Chemist: 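First the structure, which I've put down as structure tokens, then a few questions once you've had a look.
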Protein chains: 2
Amino acid sequence: MLKLTKKADYGLMALKYLAERPETAALSAKDIADAYGIPAQLLAKILQQLTRKGLLKSHAGMNGGYALAKSAGSISAYEVILAIDGPFFITSCTKGANGCELTPSCTIKEPLARVNETIAGVLKSISIQDLAEHEHQPGHAPEPKLVTLTI
Amino acid sequence: MLKLTKKADYGLMALKYLAERPETAALSAKDIADAYGIPAQLLAKILQQLTRKGLLKSHAGMNGGYALAKSAGSISAYEVILAIDGPFFITSCTKGANGCELTPSCTIKEPLARVNETIAGVLKSISIQDLAEHEHQPGHAPEPKLVTLTI
DNA sequence: TCAGTATACGACCAATTATGTCCGTGTTCA
DNA sequence: TGAACACGGACATAATTGGTCGTATACTGA
Ligand code: SF4
Ligand code: SF4
């Protein structure tokens, strides 16, 4: 419960990997998969999804592969998760048609919707660049981000 | 992905229901289940779990049922989710033994652990009382809570 | 031009998890 | 004593996730 799928996980890793290598023109799905031990075909599908959503640019043929479509700083973790796993909701209601059938009697969906928004906000405030920058030198103080939650 | 289980959902609803009725000595699982249309036996098991974790007090026999073990203000949504669904992690690693096998090569687990902490913080800052108070009068300004995220 | 390398995409399968039911046991009270 | 309740394990089923396969298509460079 409340767990990121591995697909989203893999997607984030791949984007981070690309963000760390801005000099290379393109990296193939296999290259990235091998670097981490991710199933190559699965990662390929994930990268294809990200391409369709406009987060990556793809290039077939020899020396082809994927490259970031935008700057690493302008891609948020939220976008990635959204692209891979679809709309982001922590509850089963709110997702259009097929929600849970006790939505009318439910009294906690509004508060939970706020929580949902807050978590989405957290995810939106994290960029691929944040992930890539992270592990560098010990002396760099990462700037804290603030998120507001109103029940 | 990143979705609350219905069990946790039901648990929160039940606790809120109890919090709104502090006068009654105890309410049976069936009472609460009927009020919302939740499967009674399933809710019963959830309430039993919450009892084992010390969030509820139970009383068998006629006119028995469940009551809050603590004040509604001192029970956080985090505790409830923890009691029902077990340890709270957004990633597959960090959960003791059986995590994902690419933990050593993974480069995003530290940042994600911070995100995990942040989300846990959000959940911890929400009490059952917050849920119960919510829908009252329109004029009451709910106080916003602040959560800090440091990548 | 053609072989090799790569993406694109849908169908399919296996493993896991979530959801819910059944049933027998023990407890309390009128 | 019996009705109404909690307790808890063992199922059964549905939904989701994680992963594979096969094939078509696109691009490159020798
Ligand atoms: S309606 Fe209530 S019970 Fe149903 S999914 Fe939404 S929050 Fe959960
Ligand atoms: S180790 Fe990395 S890939 Fe594996 S679960 Fe943790 S964050 Fe995800």
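Proteins come first, then strands; the chains are lettered A, B, ... in the order of their sequence lines, and each starts at number 1. None of these values were measured; they are calculated from a predicted model.
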Chemist: For the pair made of CD in A:Q48 and P in D:dT25, what is the distance, rounded to whole Å?
Modeler: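 Taking atom P of D:dT25 as the reference, CD of A:Q48 is at 15 Å.
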Chemist: Rounded to the Å, how far apart are B:L50 CG and D:dC7 P?
Modeler: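 These atoms are roughly 11 Å apart.
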Chemist: How close or far is atom P of C:dA8 from atom NZ of A:K53, stated in whole angstroms?
Modeler: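 So the two atoms are 15 Å apart, to the nearest Å.
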Chemist: Calculate the interatomic distance between B:D31 atom CG and D:dA6 atom P; express it in whole Å.
Modeler: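 Going from B:D31 (CG) to D:dA6 (P), I get 8 Å.
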Chemist: So, is B:Y10 near the phosphate of C:dA18, with a side-chain N or O under 4.0 Å from OP1 or OP2?
Modeler: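 For C:dA18, OP1/OP2 do not have a side-chain N/O of B:Y10 under 4.0 Å.
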Chemist: To the nearest Å, give me how far apart CG (A:L4) and P (D:dT17) are.
Modeler: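 It is 11 Å, rounded to the nearest whole Å.
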Chemist: So, the side chain of B:K109 versus the backbone of B:C106: is there a donor-acceptor pair under 3.5 Å, distance only?
Modeler: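 Yes; at least one donor-acceptor contact below 3.5 Å.
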Chemist: So how far is it from A:S92 OG to A:E101 CD, rounded to the nearest 0.5 Å?
Modeler: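 Answer for the OG-CD pair, A:S92 versus A:E101, is 9.5 Å.
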Chemist: Any N/O pairs under 3.5 Å between the protein and nucleotides 20-23 of chain D? List them or say none.
Modeler:
residue	atom	partner	partner atom	Å
D:dT20	O4	A:K45	NZ	3.4

Chemist: Does the A:K124 side chain pair with the main chain of A:S76, one donor and one acceptor, at a distance under 3.5 Å?
Modeler: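 Not at all, since once roles are kept as given, no pair shorter than 3.5 Å links the two residues.
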Chemist: Report, one pair per line, the protein and nucleotides 28-30 of chain C atoms (nitrogen or oxygen only) whose separation is under 3.5 Å.
Modeler:
residue	atom	partner	partner atom	Å
C:dT28	O2	B:M62	N	3.2

Chemist: Test your reading of the model: is there a side-chain donor-acceptor pair from A:D34 to the backbone of A:D31, 3.5 Å cut-off?
Modeler: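 No, A:D34 side chain to A:D31 backbone: no donor-acceptor pair under 3.5 Å.
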Chemist: Please give, in whole Å, the distance from D:dG18 P to B:L102 CG?
Modeler: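 It is 12 Å, rounded to the nearest whole Å.
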Chemist: Quick one: is D:dC7 close enough that its OP1 or OP2 comes under 4.0 Å of any side-chain N or O from B:S58?
Modeler: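 It does, given that an N or O in the side chain of B:S58 lies less than 4.0 Å from OP1 or OP2 of D:dC7.
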Chemist: Keeping to residues at least two apart or across chains, list the ring pair (Phe, Tyr, Trp, His ring centres under 6.0 Å) pairs with something in residues 15-59 of chain B.
Modeler: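 Checked against ring pair (Phe, Tyr, Trp, His ring centres under 6.0 Å) - neighbours excluded - the pairs reaching residues 15-59 of chain B are B:Y17-B:Y36.
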Chemist: Does a side-chain N or O from B:R52 land closer than 4.0 Å to OP1 or OP2 of D:dG8, or not?
Modeler: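 Yes, within the criterion.
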Chemist: NA contact type, A:A44, heavy-atom cut-off 4.0 Å: base, sugar-phosphate, or nothing?
Modeler: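 Counting heavy atoms under 4.0 Å across all strands, no contact is made by A:A44.
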Chemist: Does this structure show an ion pair linking B:K70 with B:E79, if we count only N-O contacts that are shorter than 4.0 Å?
Modeler: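 A salt bridge links B:K70 with B:E79.
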Chemist: Quick one about A:K16 and B:T107 (side-chain donor to acceptor, distance below 3.5 Å, no hydrogens or angles considered), yes or no?
Modeler: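 There is such a pair (donor and acceptor under 3.5 Å, judged by atom type) between the side chains of B:T107 and A:K16.
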Chemist: For A:K6 and D:dT17, what is the distance between atoms NZ and P respectively, to the nearest whole Å?
Modeler: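 So the two atoms are 14 Å apart, to the nearest Å.
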Chemist: Hey, is the main chain of B:I90 close enough, under 3.5 Å, to the side chain of B:N116 for a donor-acceptor pair?
Modeler: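 Yes; judged by distance alone, with no hydrogens or angles, the pair exists.
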Chemist: Using atom CG of B:L43 as one end and atom C1' of C:dG20 as the other, report the distance to the nearest whole Å.
Modeler: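 Atom CG in B:L43 sits about 12 Å away from atom C1' in C:dG20.
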Chemist: Go through the steps for B:L56 and B:L18 under the test side-chain contact (heavy atoms from CB on, under 4.5 Å), then give the verdict.
Modeler: CA-CA 10 Å; B:L56 289 177; B:L18 288 170; 3.7 Å; yes
Chemist: Select base, sugar-phosphate, or nothing to describe what B:K30 touches, counting heavy atoms under 4.0 Å on all strands.
Modeler: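 No contact at all - B:K30 keeps every heavy atom at 4.0 Å or more from the nucleic acid.
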Chemist: If you find the nucleotide of DNA chain D closest to B:L27 and the one closest to B:M1, which residue's nucleotide is nearer the 5' end?
Modeler: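 Its nucleotide being nearer the 5' end, the pick is B:L27.
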